[in-house]
Protein chains: 2
Amino acid sequence: MTTPNPRTGLQLRSLIMKSGELELSLASVPLPELGADEVLVRVEASPLNPSDLGLLFGTADMGTATASGTSDRPVVTARVPEGAMKAMAGRLDDSMPVGNEGAGVVVEAGSSAAAQALLGKTVAAIAGAMYSQYRVVPVAQCLLLPEGATPADGASSFVNPLTALGMVETMRREGHTALVHTAAASNLGQMLNRICMQDGIALVNIVRKQEQTDLLKAMGAKYVCDASAPTFLQDLTDALVATGATLAFDATGGGRLGGQILGCMEAALNKTAKEYSRYGSTTHKQVYLYGGLDTRPTEFVRNFGMAWGMGGWLLFPFLQKIDPAVAQALKQRVAAELKTTFASHYSKEISLAEVLDLGTIAVYNQRATGTKYLINPNKGLA
Amino acid sequence: MTTPNPRTGLQLRSLIMKSGELELSLASVPLPELGADEVLVRVEASPLNPSDLGLLFGTADMGTATASGTSDRPVVTARVPEGAMKAMAGRLDDSMPVGNEGAGVVVEAGSSAAAQALLGKTVAAIAGAMYSQYRVVPVAQCLLLPEGATPADGASSFVNPLTALGMVETMRREGHTALVHTAAASNLGQMLNRICMQDGIALVNIVRKQEQTDLLKAMGAKYVCDASAPTFLQDLTDALVATGATLAFDATGGGRLGGQILGCMEAALNKTAKEYSRYGSTTHKQVYLYGGLDTRPTEFVRNFGMAWGMGGWLLFPFLQKIDPAVAQALKQRVAAELKTTFASHYSKEISLAEVLDLGTIAVYNQRATGTKYLINPNKGLA
């Protein structure tokens, strides 16, 4: 308890105005009184996930961003293109806090025994508004980190680990036996490799660079296909023949990759087909688009028969759909393997003010493997 | 029984050779002895459905078609582009009969009472190889047509009627309450309108021409949107708000239409949304591509949140998936309403030799509403 009863704290806000302007700023917000089953967390680590960037920048064109304000209270403004305002209709003139998940130290606790037991402990939470110095969190939403784990260790305890576990669980639920994953050298992709190796599941990794292939191979990945290689479609088909994977999770969303995966799955299935079917293979092939790293339109030629599906995949509806006991088991596995299977790596730790630095934005908004930043909302504010 | 014990008959054949050549011809095939539970049908009516054209022409470029042979034994040859040969790998050098469904008169019957009972009757069947003068069909696969129904009345008793009923059944099974259909002025589309009006289901029809709008409106259709109108996206969104449809069946497959439907569904849902969700509406929106009338790549911008799916839909896997009693009930409804709900219209009746006439091919291969042909494999062969 280094901060006695703090009653205000800085919070990052994203506001899109009816005028078509995005404004990012730091607000000083009062902290509510704690309920009996609530704790006050001093947030010390929160990742900048692609899903956070979607809320942070909305559909603004960050090429138009300009800086104002002061060094400790910076303000960033940018234009939202007229055609992109429609998608923002639901949040206009609503100043929104940002940050899905994070971790920190419990500095104040409500009166219940469960809350008091967390005092001084390091916890993680997926509570929203985590790009804040302080965050009130219900005890039931706190994940108590193992002894010795730092807030940085636990910052990404939910989104990436549960997404990776959710992919494997989806595979089992939908009757597939192996997986394909794109943007496979990401933190999430590395977790998925460790899970699949532990669980004995064949995983086809798709990357875009030789160094990403090297990284995954060094981790022990068996199948890595480089989409920038001239032999990509053949490499992928060979890996699909070897693994029998008929389910893919694609983080890129746009362009032709999703359709190419379906096409290669079909080619792989037809290599072992016994007789000609005019409608293509009768085995269902599925690609879930769970991200939009490639902002181009999605495009595919329908060269994969009729037994196929493409669709969106999102963690929260998935967690709501499955048995609560299964969801709880997934969370417990994350806590138990936080520093091994679910370890995350960040290229830099930045303060709330640095989140609003134009040069810094230009780096982390690339959403590229290797430019993942961790926010410490209390950095420089001791 | 006008044809006593015919032991050979003409059959249309489609052959794609390893050399990359498509050859269409008429073969004289011997008729097998009948089993106890089989009947011999003199086929007098069989439709040229898009699914038949797929098998008939494969991926050949029909712009390269040339004619040879004689007037009663014509031969058509065409080139399969090199890049399109891969998709044909499963059928190379295999001379294939064509024609999913059709109807005719039972001219010979096996020894069982069930077979004998059909002698002289008019029946329909989805037995494959129906572009044949005579076809041996198991009794269990025969649909006995109502008294007074001609083979032409019953030629399309399966593919279109069961597809239209399957769409409605899929809607119910997957929790939707209204439907969208493209190429909606087709025979299938007209059936779907009659079914939905009978069953009180809201149906949004998408067409491409004013005359198609007029045709459907004259039938009593309430929602018809013309994709060629400048107000199309707004018209469609309005119809989706009015109907609440979150499921579409798209016969075009290619281009942007499928994605536009999902985008308009999302816009319609957001009009009634209570609060902003960064991931878009949480209501699942689904488009099934059940045809490929538009041969361009499929393309979409992902402006419809994360709760969406696109996929192939095919009648036969659907029928296998549902309860056999339900499938049987659908077939009985078709037989009972053959001349009303499930009436089909053809622009022309042609012989087997005419199927292989280049000028005729150029018309029916447009797969356009209003150019649907009916084959009578015994026309001119009495």
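Just so we're on the same page: letters track the sequence lines, and every chain starts at 1.
- Ranked by heavy-atom pairs under 4.5 Å with chain A, the first of Gly305(B), Ala267(B), Gly254(B) is Gly254(B).
- Within the model, atoms CG of Leu162(B) and CE of Met167(B) stand 11.5 Å from one another, a figure rounded to the nearest 0.5 Å.
- In terms of heavy-atom pairs under 4.5 angstrom with chain A, the leader among Asn270(B), Leu314(B), Leu92(B) is Leu314(B).
- One finds the CE atom of Met17(A) at 11.0 Å from the CZ atom of Arg91(A) (value rounded to the nearest 0.5 Å).
- With respect to chain B, the highest number of heavy-atom pairs below 4.5 Å among Phe316(A), Tyr279(A), Phe304(A) belongs to Tyr279(A).
- For the atom pair OH of Tyr290(B) and CZ of Phe318(B), the computed distance is 14.0 Å after rounding to the nearest 0.5 Å.
- Residue pairs meeting the side chain to side chain donor-acceptor pair (under 3.5 Å) criterion with at least one member in residues 246-255 of chain A, sequence neighbours excluded: His176(A)-Thr246(A), Thr182(A)-Asp250(A), Asp250(A)-Thr252(A).
- The parts of Ser51(B) that come within reach of chain A are both its backbone and its side chain, each placing non-hydrogen atoms under 4.5 angstrom from that chain.
- Only the backbone of Arg296(B) has a heavy atom closer than 4.5 Å to any heavy atom of chain A.
- Contacts between Ala87(B) and chain A at a heavy-atom distance below 4.5 Å involve the backbone alone (N, CA, C, O).
- Contact tally against chain A (heavy-atom pairs below 4.5 Å) for Met310(B), Met96(B), Gln286(B), Lys86(B): the top residue is Met310(B).
- Heavy atoms closer than 4.5 Å to chain B are found in both the backbone and the side chain of Leu289(A).
- Residues satisfying the side-chain hydrogen bond (donor to acceptor under 3.5 Å, both in side chains) test with Glu169(A), not counting sequence neighbours, are none.
- The distance from atom CD of Glu266(A) to atom CE of Met306(A), rounded to the nearest 0.5 Å, is 11.5 Å.
- Of the two parts of Arg302(B), only the side chain, counted from C-beta on, holds a non-hydrogen atom closer than 4.5 Å to a non-hydrogen atom of chain A.
- Ionic pairing of Asp61(A) and Arg79(A) is not present here: no N-O contact between side-chain nitrogen and carboxylate oxygen is shorter than 4.0 angstrom.
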